Amino acid sequence: MQFHVDGFYPGDPRFSDPQDRVVPPPIKRPLPEKVDVLIVGCGPAGLNLAAQLTKFAGIQVAIIDQKDDRLLVGQADGIACRTMEMFQAYGFADQIIQEAYQVNEAAFWKPDVDQPGHIARSSKVQDVADDLSEMPHLIINQARVHDMFLDVMRQNPGKVEPHYQRKLLELEVDPDAGDYPVTARVERLVNYSQYSQEIETVKARYVVGCDGARSNVRTAIGQELVGDALNQAWGVMDVLLNTDFPDIRLKSLIHSSHEGNMLIIPREGGYMVRIYIELDKLNAGERVARDQMTPEVLIAAANRILQPYSIDVKEVAWWSVYEIGQRITTAFDDSTDTRAARVFLAGDACHTHSPKAGQGLNTSVMDTWNLGWKLAHVLTGRADESILKTYSDERREYGQALIDFDREFSRMFSAKPRSAENPDGVDPEEFQRYFQLFGEYTAGVSIQYRPSIMVGEGQYQALAKGFTVGKRFHSAPVVRLADAKPVQLGHCHLADGAYRLYAFAGNTEPMSESCGVKALCEFLDRDERSPLRKYTPANAEQDAVIDVRAIFQSHHQTIETGCLHPVLAPEKGKYGLRDHEKVFTVDNRPSSSGGGMNIYEMRGIDREKGCILIVRPDQYVAEVLPLDDYVGVVSFFSKVLLEI
């Protein structure tokens with residue numbers, strides 16, 4: 001999809017007239033007096049949290065931000081594979097894929113051996129390893145991601161719009177204040193008179209600070225960012241340009257001998273490019289204060305780094321200067337030894353780092369992807385508030401790992417290339433190896449949460465070696481039984497707060513008397529210990545809390561849908577219509593038709609015994625169990641759900 005050829009215009013590129021992309025300004029309205037969750041900050045972390053919570057009509061949510069409107073341009077742009085898997089759960093991954101630039105290869109450039117003042121390409125490498133994810137690594141304006149979340153928030157049952165031009169002044173937690181223990185005082189930044197100050201007071205059950213590195217919420221609960229001080233300045237600009245540099249439409253990592261380093265990230269639309277430039281390598285006369293920096297200075301630096309190539313910038317769509325620092329908050333919530341958390345931190349309020357590895361937005365949304373469904377389960381009575389402790393436990397460990405990774409990545413990227421004059425520099429080939437080694441990390445798929453009430457010990461991991469307990473569900477192709485449609489099994493995961501229970505059949509005939517899947521369905525349907533019976537509200541659909549699905553090894557044409565157990569074909573809605581999309585088979589289609597990728601082989605599933613796979617609402621594998629381990633199923637859900 002190509003756009004921006006006549007200049008950069010924010011908004012939905014499907015509108016040919018840029019004026020039609022303009023969205024009406026938000027309606028000015030007062031904040032509610034009481035809410036279940038108050039979200040501070042309309043960045044990706046805050047909007048993702050609001051999008052999750054608005055899936056539940058009974059949860060009252062308000063989200064505030066100091067800006068006067070939605071984001072239009074700039075800031076983050078890299079979307080990791082794991083984040084795209086999350087976008088698929090919301091239903092807007094396809095639109096992002098259509099608009100975005102897809103990163104397929106990365107080019108590495110270093111000083112030319114014969115002419116050190118010039119750069120030369122050292123290699124090109126595959127950006128995303130084979131079968132790392134069914135989703136690509138993409139580049140797109142963060143503002144478009146915000147737009148998608150805002151649409152979800154409007155479309156969901158909760159129907160939430162942000163309250164802009166609101167500044168958090170004070171936050172107080174009173175554990176003895178009943179159902180709404182948190183009081184927030186908020187200043188409305190645009191008043192009827194310049195001489196008046198309009199203050200709104202909101203009482204909340206929970207508050208989540210997604211308000212960035214200078215978080216007022218973090219300050220209010222007595223936490224702070226600790227770590228490396230800001231120690232390095234970089235410039236960034238989104239530009240429309242012409243150039244003779246051959247890899248301008250590839251992600252390019254460039255080390256020059258004496259002029260500094262640069263990162264080129266092609267942007268969506270086919271014409272725009274993002275350039276990161278190391279500022280402490282500027283010429284002596286250009287070492288100006290950052291607030292006096294100009295695009296012209298950055299362009300001149302880029303041209304020096306790129307020699308013998310050059311860029312001719314036609315338009316600067318956005319630019320900024322930032323400082324690198326790796327810091328993490330002292331705590332992710334306000335819990336104490338005597339009470340559970342009422343205030344949480346997420347995103348840049350928790351951790352800050354350089355943007356060059358593309359981890360900022362991706363880590364931020366994964367914070368609230370972890371927290372959102374847990375808050376929803378507590379607020380809807382599905383779970384005890386003790387599950388909220390797992391948010392800090394899980395995300396703080398990963399936040400620290402991110403800081404450690406980013407520190408080394410930034411050091412290697414910013415260092416001078418190793419040479420005779422600089423023997424302590426970084427070998428560009430070593431940097432390339434580091435880049436490839438941490439491919440899973442930068443793709444967002446390396447996270448593995450430790451055992452807890454929400455993650456099993458992995459005692460039966462051998463039954464499904466490719467679905468690692470504690471790691472995200474690694475999707476694979478299957479064929480949907482009812483309509484013979486090839487699909488990704490991971491796309492069953494929706495942002496609806498439900499657990500998924502996958503029953504992978506053994507080698508018995510599907511739905512026969514010896515079929516383990518049929519026996520499991522009988523248990524789930526009839527046994528008084530069944531988690532379906534214990535935890536599904538009487539007025540809810542059967543799959544609202546635990547969504548049961550089955551995968552068989554037989555060819556899809558050999559199984560009759562009429563023989564399926566009712567658990568695998570639940571009747572739903574006011575008419576009791578049967579759901580035909582719960583059962584799948586391995587992809588036995590010929591390779592000439594795109595088939596031949598057997599999920600049992602790809603993910604190491606025991607073909608004789610089969611297994612049960614329990615997957616959390618945030619797509620992380622919670623447990624692997626034998627197909628007949630009903631006690632294990634009962635035990636797991638008894639720890640994370642409350643009986644209705």
Side-chain angles (χ1 to χ4, degrees), residues 25-43 45-47 49-54 56-70 150 153-154 158-212 214-224 329 331-336 338-347 349 368 371-372 375-376 378-380 385 388:
I27 298 174
K28 304 295 190 293
R29 62 202 191 287
L31 280 167
E33 294 181 358
K34 291 183 178 181
V35 295
D36 292 314
V37 182
L38 173 64
I39 304 168
V40 183
C42 285
L47 294 176
L49 180 59
Q52 279 193 81
L53 294 175
T54 54
F56 300 84
I59 297 178
Q60 295 177 299
V61 179
I63 180 169
I64 64 173
D65 197 282
Q66 293 191 47
K67 297 189 296 288
D68 61 357
D69 204 342
R70 77 190 217 283
L150 289 167
M153 290 158 56
R154 298 183 191 105
K159 297 181 181 179
V160 168
E161 290 277 357
H163 294 265
Y164 294 108
Q165 298 178 319
R166 299 306 205 285
K167 179 181 180 180
L168 179 69
L169 296 179
E170 294 178 357
L171 198 67
E172 182 181 353
V173 180
D174 181 359
D176 301 321
D179 292 338
Y180 298 88
V182 190
T183 301
R185 294 181 69 249
V186 178
E187 179 183 3
R188 193 164 186 169
L189 298 180
V190 176
N191 302 299
Y192 298 109
S193 169
Q194 62 177 318
Y195 302 107
S196 65
Q197 184 185 36
E198 185 177 350
I199 304 298
E200 297 170 294
T201 301
V202 182
K203 291 187 176 295
R205 297 181 190 272
Y206 298 99
V207 171
V208 184
C210 305
D211 49 342
R214 296 179 177 85
S215 170
N216 289 335
V217 176
R218 187 183 64 238
T219 301
I221 63 173
Q223 306 300 339
E224 60 179 336
T329 185
F332 276 46
D333 60 41
D334 72 330
S335 62
T336 68
T338 58
R339 68 167 177 84
R342 290 294 178 174
V343 182
F344 300 88
L345 302 173
T368 47
L371 176 62
L375 281 172
V378 172
L379 290 167
T380 57
E385 69 176 5
L388 299 178

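Keep in mind the model is a prediction, meaning the values are calculated, not measured.
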Does the side chain of [X] reach to within under 4.5 Å of the side chain of [Y], using non-hydrogen atoms?
{"X": "Gln165", "Y": "Arg188", "value": "no"}
{"X": "Val186", "Y": "Leu31", "value": "yes"}
{"X": "Glu170", "Y": "Thr201", "value": "no"}
{"X": "Val182", "Y": "Glu172", "value": "no"}
{"X": "Ile39", "Y": "Val61", "value": "yes"}
{"X": "Cys42", "Y": "Ile64", "value": "no"}
{"X": "Val40", "Y": "Val208", "value": "no"}
{"X": "Val217", "Y": "Phe344", "value": "no"}

For [X] and [Y], work out which heavy atoms get closest and say how close.
{"X": "His163", "Y": "Arg29", "answer": "ND1-O, 3.5 Å"}
{"X": "Leu345", "Y": "Ser215", "answer": "CD2-OG, 4.2 Å"}
{"X": "Ala62", "Y": "Pro32", "answer": "CB-CG, 4.2 Å"}
{"X": "Glu200", "Y": "Pro30", "answer": "OE2-CA, 3.4 Å"}
{"X": "Leu189", "Y": "Gln66", "answer": "CD1-O, 3.7 Å"}
{"X": "Ala184", "Y": "Leu171", "answer": "CB-CD1, 3.7 Å"}

Sidechain-backbone polar pair: [X] side chain, [Y] backbone, donor-acceptor under 3.5 Å:
{"X": "Asp211", "Y": "Asn216", "answer": "yes"}
{"X": "Asp36", "Y": "Arg205", "answer": "no"}
{"X": "Thr183", "Y": "Lys203", "answer": "no"}
{"X": "Asp65", "Y": "Tyr164", "answer": "no"}
{"X": "Arg218", "Y": "Ala349", "answer": "yes"}
{"X": "Thr368", "Y": "Leu371", "answer": "no"}

Output the distance between atom [atom1] ([X]) and atom [atom2] ([Y]), rounded to the nearest 0.5 Å.
{"X": "Leu47", "Y": "Cys210", "atom1": "CG", "atom2": "SG", "value": "9.0 Å"}
{"X": "Glu385", "Y": "Leu379", "atom1": "CD", "atom2": "CG", "value": "10.0 Å"}
{"X": "Leu38", "Y": "Arg166", "atom1": "CG", "atom2": "CZ", "value": "11.0 Å"}

Checklist entry - Do Gln197 and Glu187 pass the side-chain contact (heavy atoms from CB on, under 4.5 Å) test, and can you show the C-alpha distance, the side-chain angles, and the key distance before you say yes or no? => result CA-CA 7 Å; Gln197 184 185 36; Glu187 179 183 3; 3.5 Å; yes
Next on the checklist: With a 6.0 Å cut-off (strictly less than), is the heavy-atom count around NZ of Lys67, excluding the residue itself, greater than 12?
Outcome noted: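 Yes, NZ of Lys67 has more than 12 neighbouring heavy atoms, counting only those of other groups under 6.0 Å.
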Checklist entry - Around Arg214, counting heavy atoms of other residues, nucleotides and ligands shown, do more than 12 lie under 6.0 Å from its CZ? => result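 Count not over threshold, so no.
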Item to check | Derivation and outcome, side-chain contact (heavy atoms from CB on, under 4.5 Å), residues Asp334 and Arg342 | outcome: CA-CA 7 Å; Asp334 72 330; Arg342 290 294 178 174; 4.2 Å; yes
Next on the checklist: Show, in sequence, the C-alpha distance, side-chain angles and deciding distance for Val35 and Val202, and conclude whether the side-chain contact (heavy atoms from CB on, under 4.5 Å) test is met.
Outcome noted: CA-CA 7 Å; Val35 295; Val202 182; 3.9 Å; yes
Item to check | Residues Arg70 and Glu161 bridged, charged N to O under 4.0 Å | outcome: no
Checklist entry - Yes or no on side-chain contact (heavy atoms from CB on, under 4.5 Å) for Tyr180 and Glu33, after CA distance, side-chain angles and deciding distance? => result CA-CA 11 Å; Tyr180 298 88; Glu33 294 181 358; over 6 Å; no
